[in-house]
Number of protein chains: 2
Amino acid sequence: MKATIYDVAREAGVSIATVSHVINGKGKISRERREEVLHIMQRLNYRPNAIASALAGKKTYTLGLLVPDISNPFFAEIARSVEDRGHQLGYSVVICSTDNKEDKVKRYVSLLKQKQVDGVIIGTGISHEELLASLQDHAIAIALIARDHPGFGANSVRVHDLDGGRLAADHLMDMGHDRLAVLAESERVTSSSERVSGFVEAAAVRGLKVPGDRIISCEPTIEDGYQQAKGMLERPDRPTALFCCNDLLAIGALRAVRELGLSIPEDCSIVSFDDTILASVTDPPLTVIAQPIEQMGRLAVDLVVRDLSEQGDPAARRIVLPPELIVRRSTGSAPGTLTAPCSTR
Amino acid sequence: MKATIYDVAREAGVSIATVSHVINGKGKISRERREEVLHIMQRLNYRPNAIASALAGKKTYTLGLLVPDISNPFFAEIARSVEDRGHQLGYSVVICSTDNKEDKVKRYVSLLKQKQVDGVIIGTGISHEELLASLQDHAIAIALIARDHPGFGANSVRVHDLDGGRLAADHLMDMGHDRLAVLAESERVTSSSERVSGFVEAAAVRGLKVPGDRIISCEPTIEDGYQQAKGMLERPDRPTALFCCNDLLAIGALRAVRELGLSIPEDCSIVSFDDTILASVTDPPLTVIAQPIEQMGRLAVDLVVRDLSEQGDPAARRIVLPPELIVRRSTGSAPGTLTAPCSTR
DNA sequence: CTGAAAGCGCTTACAG
DNA sequence: CTGAAAGCGCTTACAG
């Protein structure tokens, strides 16, 4: 049978309060007593029951991670960094794939409350602020990751999407492209619409216009990226460069370009966004605006844990990280341009 | 403040035992009382505290998922199916990425015990049976996934690796290949060595020998797949077909073939194993021996939950699922062969 | 420095 | 059909 605090107390000839104190390093315990107790704990292979200690007033040391889909490489990579940082700090993480469905989000949130998680990291769309607020009411710390909810006082960590869009446009224009098109996600996804804005704005700065009908909303899947890219490329006056708001769309686009018998980047350049493992595995590997995924996961955990340690609710922090352009082989000079090919890294 | 069972009992004018009974559908409660209580619970927005009920003797409804790395697409996909099935059945899942490191495995196992998870699904290498046994001692149900530990009485779900290797070899030989080579994982990974055995055996059946020096052990990374494939292809009398024991290795091999200026499948065919999203995203997409990932995750959860519901420990079940050959475009007739190209699906 | 006691929010025999 | 009471394994004032 598993040893309890009573067993340890009895063997050591002390009260359970004393054992508890040595476990938690609280109160003053004489050195000999402490060593004695520690020794017994070891002998009995005693591990405090986390359930009991949570009920008695300590934390559960569990975090929820809400994402659309853990099997999507972007979120899988986020999960890994959240898990690692959490584990370092003593927290376990429970995965919750919501498919961005309102009802799944609700079910998971309700479950996380019942399980009394200490905090939740949210990478999925949450349309109703009430949900977020209900978490906070339960004294559950939250941090949004790769999302933001402007106007709502919550921690968040994201990349500077606007700058990301700008980087993409500048890179393409530097290589002589002037017929640009964009594969975006739904306009409701703010990160995506920011990327598009940055892209359009940077183009405008150089006197280039990206017509509204060259900015397409897609489902964030390879299949829809393929379909929409195909439609786009079959138009007369087809674009020479495509900016795709995530790796899945870019892969779809890659396929479409190929299927039309065009080559990349000679006939059409593609810039992607995210830089998951997928981006480096395609042929050609994708030039991409990279999100600092590892860092984002780590910081999101840190924000949550900070809220847990400080008393009162500290003001929410919003962290915005710079995106990085990584040039691989899916972009090159515009057809008919003399620009030297960009060096790869 | 969050409502407790006491609040509900007071409002309803009954004892907490009665409230507990209606929550759990136990005992006989008159219909009116039940409805009254249910109504109050709703009005107070009452949700039972899962921590308390776990401590009082119920389950924690939490499962641990031990994998080498959640950001590896194979395990991310496994995680998704485990999560979905778990959620359906009322369980949450905690992720544990071990990097196959003995000490990380130990830490996580110890943590899962402290948190009193009901079961754990193990997709990571466990060298010491004691660890497994210690889990079972704590009345924690276990199921191995995509692994097996022959001789140890544990549930397991895996694909028929031997048959998978055979399928790969037959497919290649059907297309006229006779200079075969293999990129394997470490020999300690039984799933990989089974795949190799099946491959070698099927070749032998048709009088073909796969020399030992054409079976290379690799780290399961793209990089090492690349390195080893390159070495292999630079040998005189280079193979016309490569069997890679997972998608990562196959991607590395793809890269190596390309870099040597050879084309796929004209100069060299590649058969991969697993069929994660990566396999369909490369160019050309990979012909692969697919594991039924979704099914494996689901069944692993079912095995664990079955152990939890039955009393006594039911005999361990070992489920072996058939692999499936999915022909894509990384395989074709051997150079100089007249065999018609295989139809794709 | 140490311990007795109350309490966390439930479940489950048991008695009536 | 319903309730009083004990107990799950801890933590934390509080008293000494």
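Atoms considered below: every heavy atom in the structure, side chains included; atoms not considered: hydrogens, waters and symmetry mates. Reminder, nothing fancy here: chain letters follow the sequence lines and each chain counts from 1.
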*asked:* Please report the distance, rounded to the nearest Å, between CD1 in A:I16 and C1' in D:dT12.
replied: 11 Å
*Closest approach of A:S97 and B:E83, non-hydrogen atoms and distance?*
N-OE2, 2.5 Å
*Quick one: which of C:dT11, D:dG3, D:dC10 gets closest to the side chain of B:I5?*
C:dT11
*For B:R47 and C:dC10, give me the distance from atom CZ to atom P, rounded to whole Å.*
12 Å
*Heavy atoms under 4.0 Å, any strand shown: does A:I51 hit a base, just sugar-phosphate, or nothing?*
nothing
*Note, B:L135 side chain near B:L131 side chain (heavy atom, < 4.5 Å)*: no
*Rounded interatomic separation in angstrom, taking CE from A:M41 and P from D:dC10*: 11 Å
*Mind checking whether A:I122 and A:V120 have side chains closer than 4.5 Å, heavy atoms only?*
yes
*Which ranges of DNA chain C pair up as stems, where a stem means three or more consecutive Watson-Crick or G-U pairs with both distances under 3.5 Å?*
C:1-3 with D:14-16, C:5-12 with D:5-12, C:14-16 with D:1-3
_Let's see if you can work this out: which of C:dT11, D:dG9, C:dG3 has an atom nearest to the side-chain heavy atoms of A:H21?_
C:dG3
*When you match A:Y6 and A:S15 each to their closest nucleotide on DNA chain C, which lands nearer the 5' end?*
A:S15
*Do you know which two heavy atoms are closest between A:L66 and A:Y108, and how far apart they sit?*
CD1-CB, 3.9 Å
*Between D:dC10, C:dC10, D:dA4, which one does the side chain of B:A17 approach most closely?*
D:dA4
*Counting just side-chain N and O atoms, does A:N49 come under 4.0 Å of either OP1 or OP2 of D:dC8?*
no
*Rounding to a whole Å, what distance do you find between A:K113:NZ and C:dG9:P?*
17 Å
*Can you figure out which of C:dT11, D:dT12, C:dG3 approaches the side chain of A:T18 most closely?*
C:dG3
*Check whether any side-chain heavy atom of A:V94 lies under 4.5 Å from a side-chain heavy atom of A:K115, and answer yes or no.*
no
*Stepwise, does the salt bridge (Lys or Arg N to Asp or Glu O under 4.0 Å) test hold for A:D302 with A:R317?*
CA-CA 11 Å; A:D302 287 345; A:R317 278 191 61 195; over 6 Å; no
*When the nearest nucleotide of DNA chain D is assigned to B:L55 and to B:G13 on a heavy-atom basis, which residue is associated with the more 5' position?*
B:G13
*Rounded to the Å, how far apart are A:E36 CD and C:dC1 P?*
17 Å
_If I take atom CZ in residue A:R34 and atom P in nucleotide C:dC1, what distance separates them, rounded to the nearest angstrom?_
10 Å
_Side-chain heavy-atom pair A:L111, A:R107 within 4.5 angstrom cut-off_ = no
*For A:K59 and A:S53, does a side-chain donor sit closer than 3.5 Å to a side-chain acceptor?*
no
*Is there a side-chain polar atom (N or O) of A:S20 under 4.0 Å from OP1 or OP2 of D:dC10?*
no
*Which nucleotide in the list D:dG9, C:dG3, D:dT11 gets nearest to the side chain of A:R33?*
C:dG3
_Between C1' of D:dC10 and NZ of A:K2, the distance in whole Å_ = 12 Å
*Once you round it to whole Å, what is the distance between P of D:dG9 and OH of A:Y46?*
10 Å
